[in-house]
Amino acid sequence: MAILKLDDAARALALSQLPHWSYDPEALGIRRSLRFSDFAEAFGFMTRVAILAEKADHHPEWFNVYNRVDILLTTHDAGGMSDRDVALAQAIDAIAA
Ligand SMILES: C[C@H](O)[C@H](O)[C@H]1CNC2=NC(N)=NC(=O)C2=N1
């Protein structure tokens, strides 16, 4: 399916709907950090996200230590942020809620 790379205006609009996420201009993507009660909760969350990501063929860059998960969403194939990152961010927010 075609990838829709976001221009500055589309990115600003998308970010206004994603209060947990902030744009990183060096990484050309959006970041969110989450904390859980322990490693099992963090890894359970990551497992749920991984299943969705694999289905969508769109994968997060992330880092986990113990109860912390740092996520970067960017679209390598587009060289920046796309509608796929917005969709994955929304799905992540729903899982984390
Ligand atoms: C071949 C495969 O469809 C591509 O490499 C997919 C896989 N997952 C991906 N994930 C992310 N975040 N960006 C991509 O451009 C991307 N491309």
Side-chain angles (χ1 to χ4, degrees):
M1 226 188 298
I3 300 175
L4 184 68
K5 185 175 176 184
L6 304 186
D7 62 19
D8 289 355
R11 191 181 65 233
L13 184 62
L15 276 167
S16 73
Q17 311 291 323
L18 294 169
H20 297 294
W21 298 82
S22 53
Y23 185 64
D24 178 340
E26 282 181 19
L28 299 176
I30 50 174
R31 294 188 185 277
R32 179 176 179 182
S33 290
L34 297 109
R35 300 231 175 210
F36 297 87
S37 51
D38 56 23
F39 177 73
E41 290 290 329
F43 203 79
F45 162 82
M46 293 175 79
T47 302
R48 295 177 71 193
V49 173
I51 290 166
L52 280 185
E54 185 63 4
K55 270 192 202 150
D57 192 30
H58 193 67
H59 303 86
E61 294 185 27
W62 53 12
F63 173 82
N64 161 243
V65 60
Y66 182 49
N67 65 341
R68 188 176 119 209
V69 182
D70 300 334
I71 305 173
L72 169 67
L73 302 180
T74 184
T75 301
H76 310 112
D77 296 340
M81 202 184 152
S82 77
D83 56 333
R84 294 184 187 189
D85 300 304
V86 176
L88 185 53
Q90 289 168 337
I92 287 171
D93 286 349
I95 290 171

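Whatever order the structure lists ligands and atoms in, that order sets their numbers, starting from 1. Values in this document were obtained by computation on a predicted structure and should not be read as measured data. Note that the numbering runs from 1 along the sequence shown for the chain.
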Chemist: Ligand 1 and Thr75, any nitrogen or oxygen pair closer than 3.5 angstrom?
Modeler: no

Chemist: For atom 2 (C) of ligand 1, what's the nearest protein heavy atom and its distance?
Modeler: Asp57 OD2, 3.4 Å

Chemist: Find all atoms of ligand 1 within a distance of less than 4.0 Å from any non-hydrogen atom belonging to Thr74, and give their numbers and elements.
Modeler: 11 (C), 12 (N), 13 (N)

Chemist: Got a donor-acceptor contact below 3.5 angstrom from the Asn64 side chain to the Tyr66 backbone?
Modeler: yes

Chemist: I want to know if ligand 1 touches Asp85 in the polar sense, i.e. an N/O pair below 3.5 angstrom.
Modeler: no

Chemist: Take every heavy atom of Leu88, measure it against each atom of ligand 1, and state whether any distance is under 4.0 Å.
Modeler: no

Chemist: Provide, to 0.1 Å, the distance between atom 10 (N) of ligand 1 and the closest protein heavy atom, together with that atom's residue and name.
Modeler: His59 N, 3.0 Å

Chemist: Between Thr74 and Leu28, which heavy-atom pair has the shortest distance, and what is it?
Modeler: OG1-O, 2.8 Å

Chemist: Walk me through whether Glu61 and Ile71 qualify under side chain to side chain contact (heavy atoms under 4.5 Å, CB included).
Modeler: CA-CA 6 Å; Glu61 294 185 27; Ile71 305 173; over 6 Å; no

Chemist: Give a yes or no on whether the backbone of Ser82 and the side-chain of Asp85 come within a donor-acceptor separation of less than 3.5 Å.
Modeler: yes

Chemist: Is a side-chain donor-acceptor pair under 3.5 Å present for Trp21 with Asp93?
Modeler: yes

Chemist: Honestly, is Arg31 close enough over Tyr23, meaning NZ or CZ under 6.0 Å from the six-membered ring centre and within 45° of the axis?
Modeler: no

Chemist: How close does the nearest protein non-hydrogen atom get to atom 15 (O) of ligand 1, and which residue and atom is it?
Modeler: Asp77 N, 2.8 Å

